[in-house]
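Chain letters run A, B, ... following the sequence lines, proteins first and then strands; every chain starts at 1.
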There are 2 protein chains.
Amino acid sequence: MATIEDVARLAGLSRATVSRVINNHPYVTEEKRKSVQQAMEQLGYVPNSIARQLRTQTHETIGVLIPRLSNPFFSKLVDAMENIAAEVGFQLIVCQTKSQKERELLYLNWLKTRQVGGIIFASTENEWDVIKPYKEFGPIMFCNEYPPHTEAPIVCLDQLKGGYIGTKHLLERGHKKIAYCYAGSQFTNIRERYAGYKKALDEYGLPLNERWMFKDAYDTRDGKRIYHALMQQADRPTAVFTSSDEVALGMIAEAKRNGTAVPDDLAILGFDDQPIAELMDPAISTVYQPVEQIGITAIRMMIRFLRNQSVPVNEITELPLHLVVRHST
Amino acid sequence: MATIEDVARLAGLSRATVSRVINNHPYVTEEKRKSVQQAMEQLGYVPNSIARQLRTQTHETIGVLIPRLSNPFFSKLVDAMENIAAEVGFQLIVCQTKSQKERELLYLNWLKTRQVGGIIFASTENEWDVIKPYKEFGPIMFCNEYPPHTEAPIVCLDQLKGGYIGTKHLLERGHKKIAYCYAGSQFTNIRERYAGYKKALDEYGLPLNERWMFKDAYDTRDGKRIYHALMQQADRPTAVFTSSDEVALGMIAEAKRNGTAVPDDLAILGFDDQPIAELMDPAISTVYQPVEQIGITAIRMMIRFLRNQSVPVNEITELPLHLVVRHST
DNA sequence: TTGTAGGCGTTATCAA
DNA sequence: TTGATAACGCCTACAA
């Protein structure tokens, strides 16, 4: 590999001048610029980004924390982020926490070792107090989900509204017994969604039934499990507000297999609006989340932090959500 | 951030000794080792991986080239790889080529800039002659797909067998008119699958009908498109060997919407065996691909290359494939 | 067993 | 406008 030294020698100039050409600095005669460029070309020279990072104390790698890539919501999110990052030469590092606190911390420590320059949390496991000390080592921000008391930039969705419009839709369809599924921890902003659910119920003067709350609802397997738990109850709900299209998918498949008509016997509402939602039979009614938008907004912010070496301001950006009515409700 | 210098000073020793402790070198008295460790602890010292990489000329970042992350096959593949990589402190960089030659080259160039230490191609756009020169800048290997004449390590699947057993299954079900879908370029080993299809047809003494070949079959949208193209033909196939579960999914959804019974009017065979395959109605018969296995095998190999700074041997590792019969055929 | 000193490939400061 | 030279943080001959 040719180094800046090689280029300098070939061009008959100093490393400093070559460096100036590379970085488009002023005060280089056109003539010398030309000869440097020619030498670079001839040697196939490309600056070593490692050396550059060491010298400038800058970073061009961003860690994105997600539970797992095989969850379509997150793969789509990372997809959107990567498009932007690649455009400007930044690298995205996949960090799958597998929903484990320790793994999240493992990746957070990469900030100290400089293996990543900044971190975007797209999901969170640890509480803010645990994460906060890492702010010292690089920009940290949240998108999609964040723990209470977060003191960092946030890009998120109006989950309260999501919970509200979803529930209201079911209520308007005449349902009075509506089950609710949620993913693990209620320590993040996802509990906002729950508040929206309660709000809608309140408006209709309906009580909340604890037995119709189902936690740990992540994927199709959970959907199946919850379907059975639901059907075993004496006082059965007539509708379910699931936590994701995955869960809805699993429930619908299992419902059909067991002769439960959807939506007649059981209405099922998804969340996300993934491509499969439209393809299922019945097509899944769901709450659309602008995944790409969150991704793009977040990554742009992070790139700005890294470029300007600026301290993130704790602003919060909230993106809208809307209902997509199909045939499962 | 504390540096090795700070630790040395606090421990009253030289940087060299500290470095020896960090890297577990022999010839350090237990006593000094202790005091170094204590100093590191006290300062919260963590080695700077950038500096280390520059000094040792080693790399701990691996670029994985895929068309796009939102394709479940690839997100699962990267998922599997990342698990292994994270275990040993290596970083995985997502490189979405979007099936574009130029984007693939963009990422290949990251090898020169040292933004990545090695590259795993999980899909390929450019021909081997174009890729070959980059071998000089770091280990390159292929998994899943590879261009003809590849001179690099390969981890792949027995696509010929995949095409063969899939087609044979349909033939055994009594089908004589079998359509075939394939993804874009026939320049990679995916053409092996096609050879398997032909082989099975040959054994049954059946001719190949060019009008039943459908290209550019990637996702659900393509499945829908191909369904319609299929139905418009005067002499219609009774079965379709699709190129992925996605495509099968789209076809089935569209078939149902148009009153075509699956599998009675049209048998549809998938490829991959993704989770949804089992959840569709009818559940999709498909050819199982051991995605995790390919991922794990490939990433382990790459880590070995990077660790030992060894030149890759052009070995080829072939993993098995098998049929999963459900209800769509 | 430990320390000194040089260098990995850059960029930035200063002097010329 | 250019060129020495000193860092960035680390590892590793070599010498002691």
What is the distance, rounded to the nearest whole Å, between atom [atom1] of [X] and atom [atom2] of [N]?
X       : N       : atom1 : atom2 : result
H59(A)  : dC8(D)  : NE2   : C1'   : 11 Å
E5(A)   : dT10(C) : CD    : P     : 10 Å
R52(B)  : dC10(D) : CZ    : P     : 8 Å
H25(A)  : dT10(C) : NE2   : C1'   : 12 Å
I4(A)   : dA12(C) : CD1   : P     : 11 Å
L54(B)  : dT10(C) : CG    : P     : 9 Å
N24(A)  : dT11(C) : CG    : P     : 12 Å
Q115(A) : dC10(D) : CD    : P     : 13 Å

For this session: Among residues two or more places apart or on two chains, list those pairs meeting ring-ring contact (aromatic ring centres under 6.0 Å, His included) that have a residue in residues 58-105 of chain A.
Result: none
Problem set entry | Residues that S14(A) engages under side-chain contact (heavy atoms from CB on, under 4.5 Å), provided they are two or more places apart | A16(A), T17(A)
Do [X] and [Y] come close enough that some side-chain heavy atom pair is under 4.5 Å?
X       : Y       : result
L111(A) : I140(A) : yes
M81(A)  : I120(A) : yes
L13(A)  : V21(A)  : no
Q53(A)  : R114(A) : no
I294(A) : K76(A)  : no
L69(A)  : V94(B)  : no
K112(A) : Y134(A) : yes

Give me the atom names and distance for the closest heavy-atom approach of [X] to [Y].
X      : Y       : answer
T97(B) : S123(B) : OG1-OG, 4.2 Å
D79(B) : S70(A)  : OD2-OG, 2.8 Å
V7(A)  : V36(A)  : CG1-O, 4.1 Å

For this session: Select base, sugar-phosphate, or nothing to describe what T17(B) touches, counting heavy atoms under 4.0 Å on all strands.
Result: sugar-phosphate
For this session: Scan I50(A) against the nucleic acid and name what it touches under 4.0 Å (heavy atoms): base, sugar-phosphate only, or nothing.
Result: nothing
OP1 or OP2 of [N] under 4.0 Å from side-chain N/O of [X]:
X      : N       : result
N23(A) : dT11(C) : yes
S14(A) : dG3(D)  : yes
Q57(B) : dG9(C)  : yes

Exercise. Does anything in residues 26-42 of chain A reach DNA chain C, meaning a heavy atom under 4.0 Å, and if so which residues?
Worked result: none
Under 3.5 Å between N/O atoms: give me all the protein pairs with nucleotides 14-16 of chain D, atom names plus distance.
none

Exercise. For T3(B) and E5(B), does a side-chain donor sit closer than 3.5 Å to a side-chain acceptor?
Worked result: no
Seminar exercise, completed: Tested for salt bridge (charged side-chain N to carboxylate O under 4.0 Å, His left out) against E82(A), the lone hit among R68(B), R103(B), K98(B) is R103(B)
Seminar exercise, completed: Whichever of A51(B) and G12(B) has the more 5' nearest nucleotide on DNA chain C, that residue is G12(B)
Exercise. Between dG9(D), dT2(D), dC10(D), which nucleotide has the shortest distance from any of its atoms to the side chain of L13(A)?
Worked result: dT2(D)
Shorter than 3.5 Å, N or O on both sides, protein versus nucleotides 5-7 of chain D: list them out with atom names.
unit_1: dA6(D); atom_1: N6; unit_2: R15(A); atom_2: NH2; d: 3.4
unit_1: dA7(D); atom_1: N3; unit_2: R55(A); atom_2: NH1; d: 2.9

Problem set entry | Overall bend - the helix from dT1(C)-dA16(D) to dA16(C)-dT1(D), comparing terminal axes fitted on five pairs, nearest 10 degrees | 50°
Exercise. With under 30° as parallel and over 60° as perpendicular, where do the rings of F121(B) and F142(B) fit, or are they tilted in between?
Worked result: parallel
